[in-house]
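Along the sequence shown, residues carry numbers from 1.
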Amino acid sequence: MIDSVLRCGLSDADRLLKDLRNMHREIAPFGQWDEETCVVFLKDSLSNHIVLKRVKGDELLGHMMLRIESHWYTKEKALYEYYVYVPPQHRRTRTAFDLYKVAKATAKVLGLPFFYGTFRNPKAEFERVKKFLKRQGGELTGVQYFIGVE
């Protein structure tokens, strides 16, 4: 079967929420899961923004949420990656690579800069992720630190 990167619709919400719950358990650096907040945010994203998925047949291999927004200090828009999640069984495949490839192409078509990055539980493995993000071709523009995260 051929793998595809497609845009998600509202019919994908349940499958995406399942992955989001897993992502939260695995890498969220702080905060309790709030189902209602996540459902509202996901439905808004599916209706008004861009959520990509990589599938093989009916199997969801991973997905990425993108939003067109502005930094607080400007009216100029950019494409922001809110997250990308690939379940453990699909890592070390081309899933994340292909999602970023489509996101970068989308930003180019829209004529927007593309902001992406990561934050995660301090106990999570960072080095592989940092190397992957660097290979996506962007320039490092900052870092994030948290105080009081265990």
Side-chain angles (χ1 to χ4, degrees), residues 1-71 76-144:
M1 255 186 217
I2 296 174
D3 296 0
S4 301
V5 174
L6 306 167
R7 190 167 182 173
C8 294
L10 286 171
S11 63
D12 293 300
D14 289 338
R15 292 194 310 171
L16 300 179
L17 269 171
K18 180 182 173 189
D19 272 359
L20 291 176
R21 287 184 202 102
N22 291 333
M23 180 175 70
H24 179 267
R25 279 191 294 274
E26 183 180 341
I27 65 171
F30 66 94
Q32 296 294 316
W33 176 264
D34 184 309
E35 184 80 10
E36 182 181 346
T37 298
C38 294
V39 167
V40 169
F41 186 75
L42 179 60
K43 286 185 177 180
D44 175 66
S45 297
L46 290 166
S47 298
N48 301 306
H49 299 279
I50 303 167
V51 182
L52 301 173
K53 63 182 174 181
R54 184 168 184 239
V55 295
K56 187 172 188 177
D58 289 334
E59 186 176 16
L60 178 64
L61 304 178
H63 69 285
M64 172 186 274
M65 181 182 292
L66 303 167
R67 287 178 158 238
I68 298 171
E69 296 182 344
S70 299
H71 270 76
E76 294 179 35
K77 302 289 184 187
L79 185 64
Y80 293 85
E81 174 226 318
Y82 265 59
Y83 67 81
V84 61
Y85 183 69
V86 179
Q89 68 271 24
H90 299 300
R91 293 180 189 157
R92 298 192 187 266
T93 66
R94 294 186 58 84
T95 298
F97 175 84
D98 286 346
L99 288 167
Y100 276 97
K101 183 178 177 181
V102 171
K104 289 185 288 188
T106 300
K108 188 173 184 175
V109 166
L110 295 171
L112 298 174
F114 177 44
F115 288 92
Y116 62 93
T118 189
F119 68 93
R120 51 193 55 227
N121 184 305
K123 297 173 184 147
E125 192 274 301
F126 272 99
E127 291 309 311
R128 204 174 110 255
V129 173
K130 285 177 9 185
K131 287 177 187 174
F132 172 80
L133 291 173
K134 188 174 182 175
R135 285 193 311 264
Q136 296 312 304
E139 293 182 42
L140 184 62
T141 58
V143 294
Q144 289 185 313

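Side-chain atoms of L16 and L46, non-hydrogen and from C-beta on, do get closer than 4.5 Å to each other. Taking 4.5 Å as the limit, every side-chain heavy atom of R15 sits out of range of all side-chain heavy atoms of H63. Taking the side chain as every heavy atom from C-beta outward, T106 and I50 approach each other to under 4.5 Å. Looking at heavy atoms from C-beta onward, R54 lies in side-chain contact with T93 at the 4.5 angstrom threshold. Counting heavy atoms from C-beta on, the side chains of H49 and M65 never come closer than 4.5 Å. For the pair V39/K43, a side-chain contact is recorded, criterion being any heavy-atom separation below 4.5 Å from C-beta on. Residues H24 and C38 have side chains not in contact (no heavy-atom distance under 4.5 Å, counting atoms from C-beta outward).
Here CG of L52 is found 12.5 Å from OG of S4. Values are rounded to the nearest 0.5 Å.
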Q | Verdict with reasoning, M64 to Y100, per side chain to side chain contact (heavy atoms under 4.5 Å, CB included) | A | CA-CA 8 Å; M64 172 186 274; Y100 276 97; 3.8 Å; yes
Q: Test K18 against R21 for side chain to side chain contact (heavy atoms under 4.5 Å, CB included), laying out the working first.
A: CA-CA 5 Å; K18 180 182 173 189; R21 287 184 202 102; 4.2 Å; yes
**Q.** Verdict with supporting geometry, I27 and M23, side chain to side chain contact (heavy atoms under 4.5 Å, CB included)
**A.** CA-CA 6 Å; I27 65 171; M23 180 175 70; 3.8 Å; yes
Q: Decide ring-ring contact (aromatic ring centres under 6.0 Å, His included) for H71 and Y80; before the verdict, give the C-alpha distance in whole Å, the side-chain angles of both, and the deciding distance to 0.1 Å.
A: CA-CA 10 Å; H71 270 76; Y80 293 85; 5.4 Å; yes
Q: Using the side chain to side chain contact (heavy atoms under 4.5 Å, CB included) rule, take V51 and D12 through it: C-alpha gap first, then chi angles, then the decisive distance, then the call.
A: CA-CA 10 Å; V51 182; D12 293 300; over 6 Å; no
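By the neighbour-count criterion of 12 heavy atoms within 6.0 Å, atom CG of N48 is densely surrounded, having more than that number from other residues, nucleotides or ligands. By the neighbour-count criterion of 12 heavy atoms within 6.0 Å, atom CD of E36 is sparsely surrounded, having that number or fewer from other residues, nucleotides or ligands.
In this structure, P87 and G62 approach most closely via the heavy-atom pair CD-CA, 4.2 Å. Nearest heavy-atom pair, Y83 versus L42, reported as atom, atom and distance to 0.1 Å: OH-CD1, 4.3 Å. Scanning both residues, L66 and F114, for their nearest heavy atoms gives CD2-CE1, 3.7 Å.
Between R67 and D44 there is a salt bridge, since at least one side-chain N of the basic residue sits less than 4.0 Å from a carboxylate O of the acidic one.
One N or O on the side chain of S70 and one on the backbone of E76 form a donor-acceptor pair closer than 3.5 Å.
Every residue two or more places apart in sequence or in another chain that forms a side chain to side chain contact (heavy atoms under 4.5 Å, CB included) with V86 is listed here: H90, R91, T95, A96.
Only one option out of D19, L99, L60 pairs with Y85 in a side chain to side chain contact (heavy atoms under 4.5 Å, CB included); it is D19.
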